[in-house]
Amino acid sequence: MRLSTYFLPLLRENPTEAQIVSHRLMLRSGMIRQSSAGIYSWLPFGLRVLRKIENIVRDEQNRAGAQELLMPTIQPAELWRESGRYDDYGDEMLRIRDRHERDMLYGPTNEELITDIFRQNIKSYRDLPKNLYHIQWKFRDEVRPRFGVMRGREFLMKDAYSFDLDLAGARRSYNKMFLAYLRTFARLGLKAIPMRADTGPIGGDLSHEFIILADTGESQVYCDKAWLNTDILSSNVEYDGDLQPFFQRWTALYAATEEKHDVANSPIPAADLLAARGIEVGQIFYLGTKYSRPMNAVVAGPDGEQIVAEMGCYGIGVSRLTGAIIEASHDDSGIIWPESVAPFHAGLINLRAGDSASTAAADGLYAALLKAGIDALYDDRAESPGVKFAAMDLIGLPWQLVVGPRSLQRGVVEVKNRRSGQREDMTAEAAINRLRAGL
RNA sequence: CGGGGCGUAGCUCAGCCUGGUAGAGCGCCAGCUUUGGGAGCUGGAAGUCGGAGGUUCGAAUCCUCUCGCCCCGACCA
């Protein structure tokens with residue numbers, strides 16, 4: 001993509017409404033624009049990141065045996081009356097009425113709808129287990145949206161729902177998602193610590209939140225300091241095997257959210273305890289029959305008896321992750337994208353757009369990059385060098401390639417790694433090989 | 001929902017106290033000169049001062065109401 005034609009509205013200064021770094025950088029780098037409180041448009045650059053995150057989440061869900069479907073954003077109130085949540089949910093639920101005066105709502109979550117789909121279509125124990133998920137926009141009418149996409153009213157969430165015959169099966173489904181989440185966040189370049197969590201209004205009695213430690217986080221959390229030096233699982237998982245040992249390994253070190261931590265009776269010595277702020281990027285719940293029983297989601301057992309499905313639900317805040325990744329990976333100059341979610345793999349700067357030799361060399365390198373399968377953003381604008389360097393640092397692509405009179409004279413291109421800041425001169429071929437190695 | 005703050009050009013802000021009909025820097029457009037870490041000069045475009053009502057000869061400025069946004073707290077993927 002040539003920057004001269006790309007829609008990338010960069011801001012030189014920090015908008016006053018943005019207080020935390022991820023919000024500022026998302027606005028400045030032209031990723032998002034606010035439409036009203038807690039509701040954002042995703043511009044091309046931001047959407048690229050959102051889609052990359054979404055695809056990693058999807059890939060890991062599929063590997064763990066979950067099946068993707070897509071449920072609507074608008075739901076009928078009746079289903080929520082069945083579960084009893086139509087009255088319980090309160091003002092956070094956006095309620096609307098259609099032209100026939102029917103009560104509808106913009107879905108804040110999908111337990112009711114998925115349970116309805118399940119009960120209409122699954123009738124036999126032979127069809128279990130099932131884990132169904134979708135990645136869809138949700139709306140929660142937060143009293144106080146803030147921090148950009150970190151706490152928006154409209155947000156993109158992956159929510160999965162498991163159905164099992166019994167507690168052992170539900171436990172197994174829970175463990176699969178637990179491990180899938182560890183892998184997902186690791187692939188996103190994040191250290192997300194699984195913490196014992198309160199189940200809240202969703203219900204159930206087994207739950208973990210996945211937390212990224214960050215000063216700007218909204219959650220107060222407590223964990224063993226050893227987590228700081230622990231690399232989270234990224235190896236392959238055999239989902240058909242016994243997952244309980246994995247679960248035990250990744251919950252052996254203490255970690256709990258504020259609601260689950262008893263400050264007066266900490267289970268680990270104060271010297272080992274880290275009290276910190278964190279960003280919740282995912283949460284998983286064992287639900288039991290909280291929804292399946294009132295909504296009569298039952299299957300026939302081997303002896304013809306009616307068995308109420310055991311459920312679990314598993315959420316990842318996809319749009320929130322965009323902000324969380326930036327919170328975890330930036331410096332004073334701007335964003336530093338992990339390679340796995342970078343909107344472009346590399347940025348190419350032609351330092352002297354008015355110079356024919358420099359432009360010819362940069363054009364050639366750009367063509368070679370595309371041919372090599374490297375998604376590059378080519379700054380071919382007639383701007384001064386400083387402007388281009390600053391813009392490239394701001395938008396945080398993992399690699400920067402610089403072509404200009406100086407490098408041309410030496411017959412090289414300059415390759416800069418955004419994260420380390422290291423610069424190296426090399427031939428165009430060597431540069432392409434270097435970049436391909438990271439794909 | 002309690003407490004606080006802010007709405008003036010695309011962005012950051014000044015002007016408001018003490019009323020006289022709107023400014024700066026950056027950005028944008030044109031031209032020239034520049035060119036390795038947010039260049040210089042010249043010229044130009046751009047704001048019904050969030051909205052409504054009131055006071056006044058006259059309101060960005062004073063008064064009332066209202067809408068929007070942000071921050072702290074309580075609540076939450």
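Here is how names work: the chains are called A, B, and so on, in the same order as the sequence lines, proteins then strands, and each is numbered from 1. Owing to the predicted nature of the structure, the values given are computational and were not obtained by experimental measurement. Only heavy atoms go into these numbers, but all of them, side chains included; no hydrogens, no water, no symmetry mates.
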Just grab all the salt bridge (Lys or Arg N to Asp or Glu O under 4.0 Å) pairs involving residues 6-30 of chain A, residues at least two apart or on different chains.
none
Which residues share a side-chain contact (heavy atoms from CB on, under 4.5 Å) with A:Ala346, sequence neighbours left out:
A:Ile374, A:Trp399, A:Leu435
Considering Watson-Crick and G-U wobble pairs with both distances under 3.5 Å, what does [N] pair with?
N: B:rC41; value: B:rG31
N: B:rC49; value: none
N: B:rC6; value: B:rG68
N: B:rC17; value: none

Checking A:Arg2 against A:Tyr378: charged group under 6.0 Å from the ring centre and within 45 degrees of the axis?
no
Just do the side-chain hydrogen bond (donor to acceptor under 3.5 Å, both in side chains) check on A:Glu209 and A:Ser219 with the steps written out, would you?
CA-CA 10 Å; A:Glu209 282 184 24; A:Ser219 311; 4.6 Å; no
A:Pro194 and side chain to side chain contact (heavy atoms under 4.5 Å, CB included): which single residue from A:Phe185, A:Trp227, A:Phe247 fits?
A:Trp227
Roughly how many Å apart are B:rU61 and B:rG15, using the P atom of each and rounding to a whole number?
15 Å
Quantified in whole Å, what is the C1' atom distance between nucleotide B:rC41 and nucleotide B:rU56?
46 Å
For a quick check, with a 4.0 angstrom heavy-atom cut-off, what is the B/S/- contact string for nucleotides 29-39 of chain B, read 5' to 3'?
------BBBBS
Reckon A:Gly323 touches a base, only the sugar-phosphate, or nothing at all at heavy-atom distances under 4.0 Å?
nothing
Which residues share a ring pair (Phe, Tyr, Trp, His ring centres under 6.0 Å) with A:Phe389, sequence neighbours left out:
none
Kindly write out the residues that satisfy ring pair (Phe, Tyr, Trp, His ring centres under 6.0 Å) with A:Phe45, not counting sequence neighbours, or none if the list is empty.
none
Numerically ordered, the residues 32-44 of chain A set in heavy-atom contact under 4.0 Å with RNA chain B is A:Gln34, A:Ser36, A:Ala37
Donor + acceptor pair across side chains of A:Glu111, A:Tyr291 (<3.5 Å):
no
